[in-house]
Engineer: 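To start, I am sharing the structure in question, which I have written as structure tokens.
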Amino acid sequence: MDSVELARFLTAMTLAVHIIFATIGVGVPLMFAVAEFLGIKKNDPHYITLAKRWSKGYTITVAVGVVTGTIIGLQLSLLWPTFMQMGGHVIALPLFMETFAFFFEAIFLSIYLYTWDRFKGKWTHFLISIPVIIGGSFSAFFITAVNSFMNTPAGFEIKNGKMINVEPWVAMFNDSFLIRSFHVVTTAFMTMAFVLAAIAAFKLVKNKFKKDAEYHKKALKLTMILGVVFTLGSMLAGDLSAKFLHQEQPEKLAAYEWHFDTESNADLVLFGSLNEETQEVTGAIKIPSLLSFLADNNVNTKVKGLDEFPKELHPPMIVHYYFDLMVSMGVFCLIVSAAFVLTLCFKKLRKFTYSKPMLYGALLTGPAAMLAIEFGWFLTEQGRQPWIVRGYLKVAEAATQAGGLTFVTILFGILYLILIVTSSYVLIRMFKNKPAYKEFEVTSSERGDA
């Protein structure tokens, strides 16, 4: 591989690892805050124990997320020096604000972890979780602002290859910022709801400690309900994104859907395979006029095809497969969680709520949701190709020409493997053979319930 390909591969590998921990960083605080809220509201120590255990595990992933996030910042300068020379000062504000948001979150997370049962008022400790949620969410907002700027650059003028007369707030709150931020945060909440649901389902299937059954049932019920809510929110975000792409990045939308010819009543293409030389799609499911409707709520809307753009500016056609996988995983999660919620709503279906098929379905939602996140990021990043800053700077022009990247890539690959294995091992050991009912009994005693 040449230096451009190595730089792209190393960046992709870093982002693929970081997005796991970044998603956890955004999603988990809301989960343990909701659990604590229910624990106080219902006077139920099960939910308080949930909040304690979830927040305890969360600290490990936050620590790893800091490492991978720091690496991304360093790699921007090392791997993409032309981009940083051209626009580093433009994205400096959101990068600084993202760091500030993390420290804000870390401070209140520390207070949250070490002040259980330190306050007379039951709600005081819960209120500390709110800044943690805000810090995690704002961290996502600010880093998404950088990525959005690369897709819809704004707030500057170009002179002699440099960005001048910069308006930092305009650059940060660019045209795609709101939609992309909404999409990132809702999918993070959705993913973590299903990851925690998968853990609860696994524990119920394994059933090692019978006294924990009620605890895990409440965890599964809470996370599956939240999963339905945030999956619907994610689908709304996806719909808004499609409409935005139709207006602002039509070549990206066309690549997602293998839409080669501009036309009204455009079909939505699902699955299939593509012969790129002949542009022939085989084995696909085509839904008549749905792409036009998704683009502008009108089946007669004319959707631009790739024929309107120079071939050298076409995104790679592999993005369609990422799109199919992302959507399929999301739909699977919605079907399972909606089925679970339906069993709660109708008495005749209650016998299926914690049945083996339902538990195995819930168990699969965690990996499916996390894979949807990964495919979604591959989709949006490769869909911007060949640009690193759309319309201004191409990836091939921005990459470093330095040698030795092969060795560096191998070293980072080893580092990421160590981080993933170590953090997984620590999390497993943290809760292995430590049943929740013992913590539940302690919590009940502290609250005067036992």
Engineer: State yes or no: are the ring centers of F32 and Y112 separated by less than 6.0 Å?
Structural biologist: yes
Engineer: Output side-chain donor-acceptor pairs under 3.5 Å for residues 319-334, partner residues at least two apart or in another chain, one line each.
Structural biologist:
from, atom 1, to, atom 2, distance (Å)
H320, ND1, Y256, O, 2.6
H320, NE2, F271, O, 3.0
H320, NE2, D324, OD2, 3.0
Y322, OH, Q382, NE2, 3.3
D324, OD1, F271, N, 3.3
D324, OD2, F271, N, 2.7
S328, OG, D324, O, 2.7

Engineer: Name the orientation class of the two ring planes belonging to F126 and W123 (parallel below 30°, tilted from 30 to 60°, perpendicular beyond 60°).
Structural biologist: perpendicular
Engineer: Could you grab the distance from atom CE of M192 to atom CH2 of W54, nearest 0.5 Å is fine?
Structural biologist: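 M192 atom CE to W54 atom CH2 measures 9.5 Å (nearest 0.5 Å).
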Engineer: Roughly how far apart are K221 NZ and L226 CG, rounded to 0.5 Å?
Structural biologist: 12.0 Å
Engineer: Can you sort out the partners of E374 under salt bridge (Lys or Arg N to Asp or Glu O under 4.0 Å), two or more places apart, ordered by chain and number?
Structural biologist: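 Expected list: none.
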Engineer: Rounded to the nearest 0.5 Å, what's the gap from CD on Q247 to CG on D175? Could you check?
Structural biologist: 11.5 Å
Engineer: Please say which of E381, E248, K252 ends up in a side-chain hydrogen bond (donor to acceptor under 3.5 Å, both in side chains) with N151.
Structural biologist: K252
Engineer: What's the separation between atom CD in E36 and atom CG in L50, rounded to the nearest 0.5 Å?
Structural biologist: 11.5 Å
Engineer: Please collect all salt bridge (Lys or Arg N to Asp or Glu O under 4.0 Å) contacts where either partner lies in residues 228-245, sequence neighbours excluded, each pair once.
Structural biologist: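 The answer is D239-K243.
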Engineer: How long is the span from the CD1 atom in I143 to the CZ atom in F138, to the nearest 0.5 Å?
Structural biologist: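 Between atom CD1 of I143 and atom CZ of F138 there are 15.0 Å.
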Engineer: Would T282 and S273 count as a side chain to side chain donor-acceptor pair (under 3.5 Å) here? Give the steps.
Structural biologist: CA-CA 5 Å; T282 57; S273 60; 3.0 Å; yes
Engineer: Do F156 and Y392 have ring centres separated by under 6.0 Å?
Structural biologist: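 So the answer is yes for these two rings.
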Engineer: For the aromatic rings, using the six-membered ring if either is Trp, is the centroid distance between F103 and F100 under 6.0 Å?
Structural biologist: no
Engineer: Who passes side chain to side chain contact (heavy atoms under 4.5 Å, CB included) against T115, sequence neighbours left out?
Structural biologist: I111, R118, F119, H125, I128
Engineer: Could you tell me which non-hydrogen atom of P94 sits nearest to which non-hydrogen atom of A145, and how far apart they are?
Structural biologist: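 Heavy atoms only, the tightest pair is CB-CB, 4.1 Å.
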Engineer: Could you tell me which non-hydrogen atom of F149 sits nearest to which non-hydrogen atom of A154, and how far apart they are?
Structural biologist: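 Looking at all heavy atoms of both residues, the shortest contact is CE1-O, 3.4 Å.
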Engineer: Under the side chain to side chain contact (heavy atoms under 4.5 Å, CB included) test, which residues partner F309, sequence neighbours left out?
Structural biologist: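 Partners of F309 under the side chain to side chain contact (heavy atoms under 4.5 Å, CB included) test: P250, E251, K304, H314.
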Engineer: Just by distance, no angles: are the side chains of N275 and E280 close enough, under 3.5 Å, to form a donor-acceptor pair?
Structural biologist: no
Engineer: Excluding sequence neighbours, so at least two apart, what forms side chain to side chain contact (heavy atoms under 4.5 Å, CB included) with F83?
Structural biologist: L76, W80, I91, M150, I388, V389, L393, A398
Engineer: Going by atom types only, do S176 and T152 share a side-chain donor-acceptor pair under 3.5 Å?
Structural biologist: yes
Engineer: So, do L10 and F412 sit near enough that their side-chain heavy atoms are less than 4.5 Å apart?
Structural biologist: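 Counting from C-beta outward, L10 and F412 do come under 4.5 Å.
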Engineer: Testing the basics here: between L220 and A362, what is the closest heavy-atom pair and its distance to 0.1 Å?
Structural biologist: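 Shortest heavy-atom contact: CD1-CB, 4.0 Å.
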